[in-house]
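Worksheet for the structure shown next.
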Amino acid sequence: MKALLNNLNSRQRDAVKHIGSPLLVLAGAGSGKTRVITCKIAYLIQKCGIKPQHITAVTFTNKAAKEMKNRVQKLLGQGENRGLRVSTFHSLGMDILRSELTRANLKTGFSIFDQHDSKALIKELMPGKMIDEDELNRIVQAISRWKNNFCLPEEALLQAGNDEQEHIAAKLYALYNTHLRAYNAVDFDDLIMLPVMLFKDHPAVQAVWQQRIRYLLVDEYQDTNSTQYQLVKLLIGVRQGLTVVGDDDQSIYCWRGAQPENLALLKEDFPQLTVIKLEQNYRSSGCILKAANTLIANNSHVFKKTLWSQLGYGDLIKVISAPSDEQEAERIVSSIVHHQFRYRCKYGEYAILYRGNHQARIFEKKLREQQIPYYLSGGMSFFSYTEVKDILAYLRLLVNQEDDNAFIRIVNVPRRELGAATIEKLARYAKQRHISLFAASFELGVEQVLNTRQVTSLRQFTDWIIRLTDEIQRRDCVEVVKEMVDVIGYAAWLQENSKSDYAAQKRVENVQDLLSWLERMQKAEENNTLSLADMVSKMLIMDIIERNNEEQNSADQVVLMTLHAVKGLEFPHVYMIGMEEELLPHRNSIEEENIEEERRLCYVGMTRAQKTLTLSYASKRRRYGEHIETAPSRFLSELPAENLEWINKKPQLKEEERIEFGRAHLDKLRTLLQ
DNA sequence: TCGAAAGACTTTTTT
DNA sequence: AGTCTTTCGA
């Protein structure tokens, strides 16, 4: 215990020991916030006698949750963390819903729709044949925004007023929700919103959960949306057991409803709130930290804070320019090769960071040419592979036969002579009778709509599914699932439908990964009580790829990642590429005049670096196949010149650009002198 | 109903 | 440039 606290600085220690009232920890980048949270959990258990099952820590990503769990385990003795809940907001929401199915208006095995499913459903519901993709996206976003702001369809309709587009979206919102419920399904946003509704409607249920969670810790608080904050408030009630940790400078998720204002709002909602700032940075060299501070000083702030570091000044920040995106990649890769050779570093110490996923492609190519091992993060989620979605759709249907989306997805995969035309007819019939496609297949009425052959194939399929659901009850469900994959001949189907043998093999592997993950999940559960339904829902909100990360993390590979995905991580040597106007800041953000979030994104990237930081840009870039002239990012000119080292000579600026560049510097000097 | 080939569209970030 | 979609012919 002593050792536990001795490893902390005084501010961190205050944060850990503060129990009496709600606490807000404003933790700058690299100031040891995860350490504070994990130590606090250990402290609550060991020193305050709070049982682990009464403590819940909430994070935003499964990765962060996992990391936190591991670190707590290391601090505590064997078995001392039994019952401790460290989860994402979404899986906490799911647990709440599962504990109160009936009152939440759900049935066992409810499906979780991801964006793809949701989008497909909304598309179905949109009137008119001509569907404008932009409009669809707008509506999907609008609905998500409403759910994130805890705005019910009725309110949305009222708010829409005379705005025709909003009105249409609000109407669809209501319709979409009705259909979700009919499918016994919820979407991602519902996982937060429905628990809030549940608590509001049933104080008794709320009380149960308040008993269950006596101390709540929330990580990355600046990323919470309104609905999530409401959930936090409902869980806390009048009790004071709350610690939230956040950093308004690292708020980069406003576009999906995050409200960094929630940090300031805490002060109003909890008048007894204590605020502790963590400003000592343990990560980056002085030079990097100073530059990052200067950059972020250009943003407006509610909470002032200045990071400082006891680490040495370190190397200057390198700026590399290149005539084209291709050469940019070449220069960066060769810079890594040289550095790695000269200083005997591991490849795993380097990270290449960028704004958009597509930027990785060219770097992949160059790294492969040089035979440098790399790890590409993000891009494709494991669950977005068609083969994974297919098998998952089978599982969803086994668990929840009302899930029409799952039904449509796999009814003819592999081929069962039940093509689009047949399903179309079935769907029309089901709609008229207000029942699911699955249920419709058993009705006598379908025999009028479909021909004999179609009916036979259809019933063959649905009967088979029924038999399987029955078997799952009686036998080891993972075994049944494995057999099912064999029976449908899925591997052969993949072989036929892949472009190359290699691709087919990869896809078969993915399916096997999915199955072995199911198996592991089943075994991990103590008394083997996990039903298939539980496993499917768990799986849908957890990304398997994150599980494999562990192996990948320990492998010695250069990391390629988006600036969003890199939050929370650190690397000895960081390369930020594509430091150009229209890219960082992104052109859409420039249009929306949302430069501050882009600046924070840049700040997050810079503060990942421990020893060296290299920024690069190209003056010509390929976009949609054509060459575009680009300009260096304004953020480069916001950095203090004395912290930068231009590797290639500064590109010739046009006269007006040079004046602009100089003016920016003068402005900065002036503000510094004030 | 299915496959090949032309054509359209893409790039913001993700639980 | 690369990927996903639509179209046309069998």
Side-chain angles (χ1 to χ4, degrees), chain A residues 58-65 87-94 112-116 118 131-134 137 140-141 144 147-148 186-193 219-220 223-225 227-228 250-258 325-326 353-362 364-365 377-384 386 412 414-424 453-454 457 496-497 499 540-543 545-546 561-568 578 580 582-592 594 597-598 600-602 604-605 621-628:
Chain A
V58 186
T59 64
F60 275 83
T61 64
N62 293 303
K63 200 164 157 191
S87 67
T88 61
F89 260 108
H90 290 88
S91 57
L92 175 64
M94 200 182 67
I112 295 168
F113 276 30
D114 64 15
Q115 281 132 306
H116 247 92
S118 300
I131 286 166
D132 178 18
E133 192 69 15
D134 282 352
N137 283 330
V140 172
Q141 271 176 34
S144 179
K147 290 191 174 188
N148 287 331
V186 302
D187 64 20
F188 268 101
D189 300 319
D190 283 338
L191 287 172
I192 314 295
M193 189 174 187
D219 190 18
E220 304 279 15
D223 291 340
T224 50
N225 59 43
T227 309
Q228 283 163 333
Q250 292 186 68
S251 157
I252 53 175
Y253 284 106
C254 292
W255 50 272
R256 65 166 198 213
D325 48 354
E326 179 134 356
L353 309 180
Y354 38 81
R355 178 68 232 257
N357 280 307
H358 63 282
Q359 288 174 267
R361 193 172 295 140
I362 193 161
E364 270 191 275
K365 193 174 135 202
S377 143
M380 267 292 232
S381 146
F382 185 76
F383 287 110
S384 55
T386 35
N412 205 31
R415 300 261 113 77
R416 287 190 188 90
E417 296 185 299
L418 292 166
T422 313
I423 300 307
E424 186 94 4
R453 229 179 97 190
Q454 291 170 322
S457 310
E496 274 170 49
N497 288 281
K499 285 192 186 128
L540 284 163
I541 56 169
M542 253 194 288
D543 218 322
I545 215 112
E546 290 175 4
M561 229 180 237
T562 63
L563 288 164
H564 282 90
V566 82
K567 192 166 73 156
E580 292 149 33
E582 311 240 297
L583 210 49
L584 185 72
H586 194 273
R587 60 210 292 248
N588 296 355
S589 301
I590 297 174
E591 270 169 37
E592 293 160 26
N594 189 12
E597 180 144 319
E598 298 291 306
R600 289 192 290 267
L601 206 46
C602 185
V604 165
R621 187 172 289 277
R622 241 195 166 105
R623 196 162 74 202
Y624 307 146
E626 59 177 341
H627 289 284
I628 305 275

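Since the model is a prediction, treat every value here as computed from it, not as a measurement.
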Could I get the full list of side chain to side chain contact (heavy atoms under 4.5 Å, CB included) partners for A:Asp219, not counting sequence neighbours?
A:Lys33, A:Ile37, A:Thr59, A:Met68, A:Val245
Tell me: [atom1] of [X] to [atom2] of [N], nearest whole Å?
X: A:Glu582; N: B:dT13; atom1: CD; atom2: C1'; value: 17 Å
X: A:Glu326; N: C:dA1; atom1: CD; atom2: C1'; value: 12 Å
X: A:Arg600; N: B:dT13; atom1: CZ; atom2: P; value: 18 Å
X: A:Arg621; N: B:dT10; atom1: CZ; atom2: P; value: 19 Å
X: A:His90; N: B:dT15; atom1: NE2; atom2: C1'; value: 5 Å
X: A:Phe113; N: B:dT14; atom1: CZ; atom2: C1'; value: 20 Å
X: A:Glu591; N: B:dT13; atom1: CD; atom2: C1'; value: 16 Å

Assign A:Arg587 to base, sugar-phosphate, or nothing according to its heavy-atom contacts below 4.0 angstrom with the strands shown.
nothing
Can you tell me if [X] uses its side chain to pair, donor with acceptor, with the backbone of [Y] under 3.5 Å?
X: A:Ser87; Y: A:Ala65; answer: no
X: A:Glu592; Y: A:Ser589; answer: no
X: A:Tyr354; Y: A:Met561; answer: yes

Using the criterion of both pairing distances under 3.5 Å for Watson-Crick and G-U wobble pairs, give all stems of 3 or more consecutive pairs involving DNA chain B.
B:1-10 with C:1-10
Both A:Thr562 and A:Tyr624 contact DNA chain B. Taking the nearest nucleotide for each, which residue is further toward the 5' end?
A:Tyr624
Quick one: list whatever passes salt bridge (charged side-chain N to carboxylate O under 4.0 Å, His left out) with [X], sequence neighbours left out.
X: A:Glu580; answer: A:Arg621
X: A:Arg622; answer: none
X: A:Asp223; answer: A:Lys567

Answer yes when A:Glu597 and A:Arg600 have at least one side-chain N-carboxylate O distance shorter than 4.0 Å, and no when they do not.
yes
What is the ring orientation for A:His564 with A:Trp255, classed by angle as parallel under 30°, tilted 30 to 60°, or perpendicular over 60°?
perpendicular
Are A:His564 and B:dT13 stacked, counting the six-membered base ring, centres under 5.5 Å, planes under 30°?
no
Has A:Phe188 got its ring stacked on the base of B:dT15, with centres under 5.5 Å and planes less than 30° apart?
yes
Taking B:dT11 as the reference, what is the distance to C:dT6 when you measure between their C1' atoms (whole Å, please)?
22 Å
Pick out the pairs of N or O atoms, protein on one side and nucleotides 1-5 of chain B on the other, that lie under 3.5 Å.
{"residue": "B:dT1", "atom": "OP1", "partner": "A:Gly419", "partner atom": "N", "Å": "3.0"}
{"residue": "B:dC2", "atom": "OP1", "partner": "A:Arg415", "partner atom": "NE", "Å": "2.8"}

Output yes when at least one side-chain N/O atom of A:Asn588 is less than 4.0 Å from OP1 or OP2 of B:dT11, else no.
no
